[in-house]
Amino acid sequence: MPAPNSIKPGNQVQFTQAERTREYLGDDPDQSRLWAERYLLFVKNLTAVFDGFKAVDIEALGVEHNELRVIIGPNGAGKTTFCDLVSGKTPPTTGQVFFDRDEITGVQEVDIARRGIGRKFQTPTVFDSLTTFENLELSLPGRQGLWSNLRRATTPEEAGQIEALLERVRLIDERDTEASQLSHGQRQWLAISALILTNPKLLLVDEPAAGLTDAETALTAELLLELRADHTLIVIEHDMDFVRQLNSFVTVLNEGKILAEGTLAELQDNPEVIKAYLGR
Ligand SMILES: Nc1ncnc2c1ncn2[C@@H]1O[C@H](COP(=O)(O)OP(=O)(O)O)[C@@H](O)[C@H]1O
Ligand SMILES: [Mg+2]
């Protein structure tokens with residue numbers, strides 16, 4: 001069996017129709033185990049039903065180790081709810097979620113975070129009255145909760161780690177700037193940095209380019225692509241220019257279901273996708 005969804009070196013992603021997750025999913029119950037081994041994240045028959053309304057209804061979706069997967073879809077398609085299901089914020093109505101070989105269906109949100117799924121919300125959590133550096137100190141491992149922060153000072157190693165990260169996200173010049181003074185893009189990068197410090201295996205990033213300038217959007221795309229070296233990412237996005245810059249495998253959600261998957265170029269030629277989304 002050939003490796004599905006394999007990411008070729010560089011930014012270029014080449015897929016054939018036969019490589020799509022769903023193509024491989026047989027009726028054999030042992031397939032779940034197989035896919036859980038193969039993918040970092042794998043969901044099967046996943047639904048979220050609210051008052052009889054199916055917000056998410058995904059037969060199968062797998063994200064490879066060190067893949068950057070983009071999920072697009074019109075408003076209300078179920079993108080954020082999908083993140084809620086994966087991160088444990090919302091328990092699935094039916095179906096299974098496998099992460100890093102283990103089934104995590106029904107596991108508490110904090111425990112899922114501990115296992116290595118980090119999430120950046122649409123509105124980033126940044127403390128305005130603290131500097132960029134201080135904001136990141138709060139995200140150091142073992143620092144959650146005010147009491148633990150008061151108890152111990154940042155070690156030189158930790159400071160070095162934060163500074164290296166600030167270099168990476170182009171915020172080193174803003175090290176001692178109060179977060180209230182940062183631009184919207186810089187705040188997004190700070191929120192992403194805080195997430196990276198917790199060293200998640202999988203990052204769920206919901207609409208990172210919303211409200212950014214073109215230059216900030218380009219930098220965000222560059223940054224997310226760099227993160228693929230050490231992390232796996234699911235990026236939810238609306239902005240097509242941004243999706244183009246990410247140049248990665250795209251899953252299109254529509255009315256909770258996977259409508260199509262492929263490169264953006266492939267999807268732009270797909271009449272169903274045009275009808276549901278791109279043509280709007
Ligand atoms: N907790 C909830 N209760 C009821 N309906 C919800 C809940 N969460 C999401 N929905 C509904 O599910 C659908 C998908 O929402 P969402 O996942 O936020 O879409 P997207 O992020 O793609 O814009 C929407 O119709 C929304 O109103
Ligand atoms: Mg959303």
Note, [X] side chain near [Y] side chain (heavy atom, < 4.5 Å):
| X | Y | value |
| --- | --- | --- |
| I72 | M240 | yes |
| I236 | V205 | no |
| F82 | V43 | yes |
| L204 | I117 | yes |
| R244 | Q268 | yes |
| L253 | I58 | yes |
| L197 | L140 | yes |
| T263 | V250 | no |

Show your working on side-chain contact (heavy atoms from CB on, under 4.5 Å) between Q245 and D239 and close with a plain yes or no. CA-CA 10 Å; Q245 289 170 52; D239 180 308; over 6 Å; no

Within 6.0 Å of CD in Q161, more than 12 heavy atoms from elsewhere: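 More than 12 heavy atoms, drawn from other residues, nucleotides or ligands, come within 6.0 Å of this atom.
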
For D214, does the CG atom have more than 12 heavy-atom neighbours from other residues, nucleotides or ligands under 6.0 Å away?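 At most 12 heavy atoms, drawn from other residues, nucleotides or ligands, come within 6.0 Å of this atom.
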
As an exercise, state the distance from [atom1] of [X] to [atom2] of [Y], rounded to the nearest 0.5 Å.
| X | Y | atom1 | atom2 | answer |
| --- | --- | --- | --- | --- |
| N270 | K275 | CG | NZ | 11.5 Å |
| L41 | I234 | CG | CD1 | 5.0 Å |
| Q96 | E103 | CD | CD | 4.0 Å |
| K44 | F98 | NZ | CZ | 7.0 Å |
| D241 | L246 | CG | CG | 11.0 Å |
| R228 | L203 | CZ | CG | 13.5 Å |

For S248 and L225, run side-chain contact (heavy atoms from CB on, under 4.5 Å): C-alpha distance rounded to whole Å, both residues' side-chain angles, the deciding distance at 0.1 Å, then the answer. CA-CA 9 Å; S248 298; L225 286 167; 4.0 Å; yes

For F133, is the NZ or CZ atom of R175 found under 6.0 angstrom from the centre of its six-membered ring and inside 45 degrees of the ring axis? yes

Can you hop from L61 to V49 via hydrophobic side chains spaced under 4.5 Å?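 No, L61 does not connect to V49 through the hydrophobic network.
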
Quick check: is F242 connected to L212 through a chain of hydrophobic side chains (ILVMFWY, heavy atoms under 4.5 Å apart)? no

Might you point out which heavy atoms bring [X] and [Y] nearest each other, and give the distance in Å?
| X | Y | answer |
| --- | --- | --- |
| E237 | P208 | OE1-CD, 3.1 Å |
| T217 | A209 | CG2-CB, 4.1 Å |
| V107 | R115 | CG1-NE, 4.2 Å |
| F127 | A179 | O-CB, 3.4 Å |
| L190 | L182 | CD2-CD1, 3.8 Å |
| P92 | L46 | CB-CD1, 3.6 Å |

Just list the side-chain donor-acceptor pairs under 3.5 Å for residues 164-172, sequence neighbours left out, or say none.
| residue | atom | partner | partner atom | Å |
| --- | --- | --- | --- | --- |
| R168 | NH2 | D230 | OD2 | 3.4 |
| R170 | NH1 | R168 | O | 2.9 |
| R170 | NH2 | E222 | OE2 | 2.8 |
| R170 | NH2 | E226 | OE2 | 3.1 |

T154/E137 under side chain to side chain donor-acceptor pair (under 3.5 Å): CA gap, chis, key distance, verdict: CA-CA 7 Å; T154 301; E137 281 183 300; 2.4 Å; yes

Apply side-chain contact (heavy atoms from CB on, under 4.5 Å) to Q188 and T220, showing your working. CA-CA 9 Å; Q188 291 283 357; T220 303; 5.7 Å; no

Keeping [X] on the side-chain end and [Y] on the backbone end, is there a donor-acceptor pair under 3.5 Å?
| X | Y | value |
| --- | --- | --- |
| T47 | D57 | no |
| H231 | P200 | yes |
| D84 | K89 | no |
| R69 | T251 | no |
| K79 | G73 | yes |
| E158 | T155 | yes |

Side chains of T80 and D206, donor plus acceptor under 3.5 Å: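 Note: T80 and D206 side chains meet the donor-acceptor criterion.
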
Does the side chain of R119 pick up a donor-acceptor pair with the side chain of S87 at under 3.5 Å? yes

Residues two or more places apart in sequence or in another chain: which of them pass side-chain contact (heavy atoms from CB on, under 4.5 Å) with L40? H65, F99, D100, K201, L202, T232

Might you work through the side-chain contact (heavy atoms from CB on, under 4.5 Å) test for Q186 and T177, ending with a clear yes or no? CA-CA 11 Å; Q186 289 171 326; T177 305; over 6 Å; no

